[in-house]
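First comes the structure, then the notes that go with it.
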Amino acid sequence: MSNLYTIPKHFDTIDDFSNHEELLIHILQVYLNSFPIKDAYLLRYSPIGFVAEGIIYLNESGGIHIGEIREEIRSFPIIYSAIVDKKAKFCTGMDYLKNISIKYVVASKHNKLLIVPIFIGPYVFGYICSTHFEEDIEISDKLLDDLTSFGNTVGHLLIQSNGKNKDVSLSKRELEVMMQVANGDSTKEIANIMDLSELTINQYVKSAIKKLKAKNRSHAINLLYQQGIIL
């Protein structure tokens with residue numbers, strides 16, 4: 001098992017990945033190699049409709065695409081709680097039965113569920129879900145804290161990677177504003193958070209929409225999700 005402080009070293013060579021999917025697979029491999037966990041569902045999350053969509057599933061035997069998974073996460077209290085609190089959450093027993101979806105079908109003797117949000121600052125744009133663990137492992141508060149830190153490290157990594165996407169020329173400020181738009185914040189709320197005027201926020205939004213060649217805010221956010229700029 002890797003020490004938490006060595007985990008960022010696994011991501012020092014993000015330029016070596018030829019595409020976004022290759023990077024996501026590597027992230028899940030680091031996750032499985034670093035923690036006492038044997039499977040990982042990676043899902044993107046949009047606060048617009050509170051919807052999560054499957055991307056990739058990976059375990060010791062290999063991986064598959066899970067695009068058929070689409071959830072309204074408010075139906076799953078532990079997932080919603082992990083996203084709202086930006087903290088890794090774990091449940092077992094009867095709580096597991098209340099939170100698991102029949103779409104997560106894994107051959108396992110365990111009835112446990114772990115959610116690790118992927119976030120940066122106030123923005124949560126995905127999460128990793130696990131249901132299969134090493135034998136006799138204790139999911140301690142320390143382990144949950146380390147998993148939370150991992151989710152934050154991955155969030156920063158993905159923003160760094162997205163910033164290198166040559167197909168998108170959004171400035172750092174434009175991307176920050178659009179991520180807050182994707183988070184469901186109003187112009188006034190974004191202005192307060194970023195300590196800018198509403199006029200300035202609207203200018204950043206208009207500039208981002210123009211660069212993305214989008215029709216409106218919603219279209220721009222959808223394009224950012226489709227292009228992997230927002231996970």
Side-chain angles (χ1 to χ4, degrees), residues 1-8 10-11 24-47 50-120 124-155 157-158 231:
M1 186 186 305
S2 298
N3 183 287
L4 178 63
Y5 299 104
T6 70
I7 287 175
H10 292 287
F11 302 130
L24 295 180
I25 291 172
H26 178 70
I27 288 170
L28 293 184
Q29 289 172 332
V30 172
Y31 172 77
L32 294 177
N33 291 334
S34 301
F35 299 103
I37 298 166
K38 293 188 175 183
D39 71 345
Y41 295 84
L42 176 64
L43 299 97
R44 66 169 55 91
Y45 168 70
S46 169
F50 301 94
V51 174
E53 297 179 321
I55 303 175
I56 299 169
Y57 169 75
L58 198 67
N59 64 14
E60 298 166 315
S61 302
I64 58 172
H65 291 283
I66 53 172
E68 74 280 0
I69 294 180
R70 182 179 172 85
E71 309 283 13
E72 208 278 37
I73 61 99
R74 288 178 297 182
S75 302
F76 304 95
I78 188 173
I79 299 177
Y80 187 58
S81 175
I83 287 175
V84 170
D85 296 340
K86 301 173 192 63
K87 292 182 179 180
K89 299 292 179 80
F90 174 76
C91 69
T92 187
M94 289 301 295
D95 285 337
Y96 167 87
L97 296 177
K98 296 175 183 177
N99 280 283
I100 194 66
S101 167
I102 59 173
K103 297 176 185 177
Y104 301 104
V105 180
V106 178
S108 171
K109 298 178 182 179
H110 305 286
N111 58 341
K112 301 174 181 178
L113 178 64
L114 173 71
I115 303 296
V116 180
I118 297 172
F119 66 100
I120 178 170
V124 178
F125 42 91
Y127 62 87
I128 299 172
C129 170
S130 294
T131 61
H132 194 189
F133 306 84
E134 291 183 5
E135 293 292 334
D136 302 321
I137 184 64
E138 177 187 358
I139 307 296
S140 63
D141 289 341
K142 174 62 168 58
L143 179 56
L144 290 175
D145 286 343
D146 285 350
L147 287 161
T148 299
S149 296
F150 178 84
N152 188 223
T153 296
V154 170
L157 170 73
L158 291 173
L231 179 65

- Contacts of Gln29 that satisfy side chain to side chain donor-acceptor pair (under 3.5 Å) - sequence neighbours left out: none
- Query: Using the ring of each side chain (for Trp, its six-membered ring), is Phe150 parallel, tilted or perpendicular to Phe35, with breaks at 30° and 60°?
  - Reply: perpendicular
- Message: Which label fits Tyr45 and Phe50: parallel for a plane angle under 30°, tilted from 30 to 60°, or perpendicular past 60°?
- Response: tilted
- Message: Any heavy-atom pair between the side chains of Phe125 and Ile120 that's under 4.5 Å?
- Response: yes
- Sub-3.5 Å donor-acceptor pair from the side chain of Asp39 to the main-chain atoms of Asn59, do we have one? no
- How many angstroms lie between CG in Leu58 and CG in Leu32, if you round to the nearest 0.5 Å? 5.5 Å
- Task: Apply the test side-chain contact (heavy atoms from CB on, under 4.5 Å) to residues Ile118 and Val116: give CA-CA distance (whole Å), side-chain angles for both, the deciding distance (0.1 Å), then the verdict.
- Result: CA-CA 7 Å; Ile118 297 172; Val116 180; 5.7 Å; no
- Task: Starting at NZ of Lys38, measure out to OG1 of Thr131 and round the result to the nearest 0.5 Å.
- Result: 12.0 Å
- Message: Quick one: does any side-chain atom of Glu72 pair with a main-chain N or O of Arg74 as donor and acceptor, under 3.5 Å?
- Response: yes
- Note on the structure: Closest non-hydrogen contact found for Pro117 with Tyr127 is CA-CB, 3.9 Å
- Given Phe133 and Leu114, is the side-chain contact (heavy atoms from CB on, under 4.5 Å) satisfied, shown in steps? CA-CA 10 Å; Phe133 306 84; Leu114 173 71; 3.7 Å; yes
- Check whether any side-chain heavy atom of Ile83 lies under 4.5 Å from a side-chain heavy atom of Phe119, and answer yes or no. no
- Item | Nearest atoms (heavy-atom pairs only) where Ser130 meets Ala40 | OG-CA, 4.0 Å
- Can you name the nearest heavy-atom pair linking Thr148 to Ala88, along with the distance? OG1-N, 2.8 Å
- Item | Evaluation steps, side-chain contact (heavy atoms from CB on, under 4.5 Å), between Leu42 and Tyr31 | CA-CA 11 Å; Leu42 176 64; Tyr31 172 77; over 6 Å; no
- Task: Identify the heavy atoms of Glu138 and Leu143 that sit nearest to each other, and give their distance.
- Result: O-CD2, 4.0 Å
- Note on the structure: Rounded to the nearest 0.5 angstrom, the CD1-CD1 distance for Ile128 and Ile37 is 8.5 Å
- Drop me the distance from Lys89's NZ to Ile139's CD1, to the nearest 0.5 angstrom. 14.5 Å
- Query: Are Leu144 and Lys87 side-chain neighbours, meaning at least one heavy-atom pair lies under 4.5 Å?
  - Reply: no
- Query: Stepwise, does the side-chain contact (heavy atoms from CB on, under 4.5 Å) test hold for Leu147 with Phe90?
  - Reply: CA-CA 11 Å; Leu147 287 161; Phe90 174 76; over 6 Å; no
- Among Ile55, Ile69, Ile115, find the residue that satisfies the side chain to side chain contact (heavy atoms under 4.5 Å, CB included) test when tested with Leu43. Ile69
- Item | Any donor-acceptor pair under 3.5 Å from Ser81 side chain to Pro77 backbone | no
